[in-house]
Amino acid sequence: QVQLAESGGGLVQAGGSLTLSCAASGSTASIIALDWYRQAPGKQRELVATLTTAGTTNYGESVKGRFTISRDYAKSTWYLQMNSLRPEDTAVYSCNVPQRWINGRHYPQVWGQGTQVTVSS
């Protein structure tokens, strides 16, 4: 199976930038798409960005134009570049690999442990 480990969270002032990493290990060849989610206290979990092996991307409306998802194939690592950060971006950010079926085999959904991003005003 796949294992995911996020890193790069921390404190940043409004208007600043931060880049998160999601390092994958295990059955990384089975990964078709990877998602970044975030959840702030008292709020619903929100899809931030997705990237597929076909190169397609999707972004949540609240981060569109400010965040960029990318992948380093050699390092089996996905990134979330966050620019023009706002206090409302404060949340726990987690990466996720959705469930998938490959050659008749089921690969389950996997979540990372999450990393805290705090944006001060």
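Remark: side-chain polar atoms of Q13 are not paired, donor with acceptor, to backbone N or O of V119 under 3.5 angstrom. Without hydrogens or angle criteria, T77 side chain to K75 main chain gives a donor-acceptor distance under 3.5 Å. Proximity of a side-chain donor or acceptor of R100 to a complementary backbone N or O of P98 within less than 3.5 Å is detected. In this structure, the side chain of E6 engages the main chain of Q113 through a donor-acceptor pair within 3.5 Å. Using a distance-only test at 3.5 Å, with no hydrogens or angles considered, no donor-acceptor pair links the side chain of S17 to the main chain of N83.
Of all the heavy atoms in A40 and A91, the pair that sits closest is N-CB, 3.9 Å.
More than 12 heavy atoms of other shown residues, nucleotides or ligands fall within 6.0 angstrom of atom NZ in K64.
Proximity of R71 to T53: side-chain heavy atoms (C-beta onward) are separated by under 4.5 Å at one or more points. Side-chain atoms of Q1 and S27, non-hydrogen and from C-beta on, never get closer than 4.5 Å to each other. For the pair I31 and V2, the minimum side-chain heavy-atom distance is below 4.5 Å. In this structure the side chain of Q39 never reaches within 4.5 angstrom of the side chain of E46, judged on heavy atoms. Under the 4.5 Å side-chain criterion, counting only non-hydrogen atoms from C-beta, R66 is not in contact with Y59. Contact of the S70 side chain with the Q81 side chain is not registered, since no non-hydrogen atoms from C-beta on lie closer than 4.5 Å. Between L51 and L34, the closest side-chain pair of non-hydrogen atoms is not below 4.5 Å. Looking at heavy atoms from C-beta onward, T115 lies in side-chain contact with L20 at the 4.5 angstrom threshold.
Between I69 atom CD1 and D35 atom CG the span is 7.0 Å, to the nearest 0.5 Å. Atoms SG and CG, from C22 and D72 in turn, are 12.5 Å apart once rounded to the nearest 0.5 Å. Between atom CD1 of residue I32 and atom CD of residue Q99 there is a gap of 11.0 Å, rounded to the nearest 0.5 Å. The OG atom of S120 sits 10.0 Å away from atom CG of L85, with the distance rounded to the nearest 0.5 Å. Interatomic distance, N96 CG to Q109 CD, rounded to the nearest 0.5 Å: 4.5 Å. Between atom OG of residue S62 and atom CD of residue E88 there is a gap of 8.5 Å, rounded to the nearest 0.5 Å.
For the side chain to side chain contact (heavy atoms under 4.5 Å, CB included) with R38, the qualifying choice from D89, V92, V117 is D89, the only one to do so. When T90, L18, T118 are each tested for a side chain to side chain contact (heavy atoms under 4.5 Å, CB included) with L11, only one passes: T118.
Under the 6.0 Å cut-off for aromatic ring centres, W111 and Y37 qualify, their centroids lying closer than that.
Note on Y79: it does not cluster hydrophobically with W36, by side-chain heavy-atom contacts below 4.5 Å among ILVMFWY residues. Both V12 and F67 are part of a single hydrophobic cluster, where members link through side-chain heavy atoms under 4.5 Å apart.
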Which is it for L80 and T19 under the side chain to side chain contact (heavy atoms under 4.5 Å, CB included) test, yes or no, and what are the steps along the way? CA-CA 6 Å; L80 184 67; T19 299; over 6 Å; no
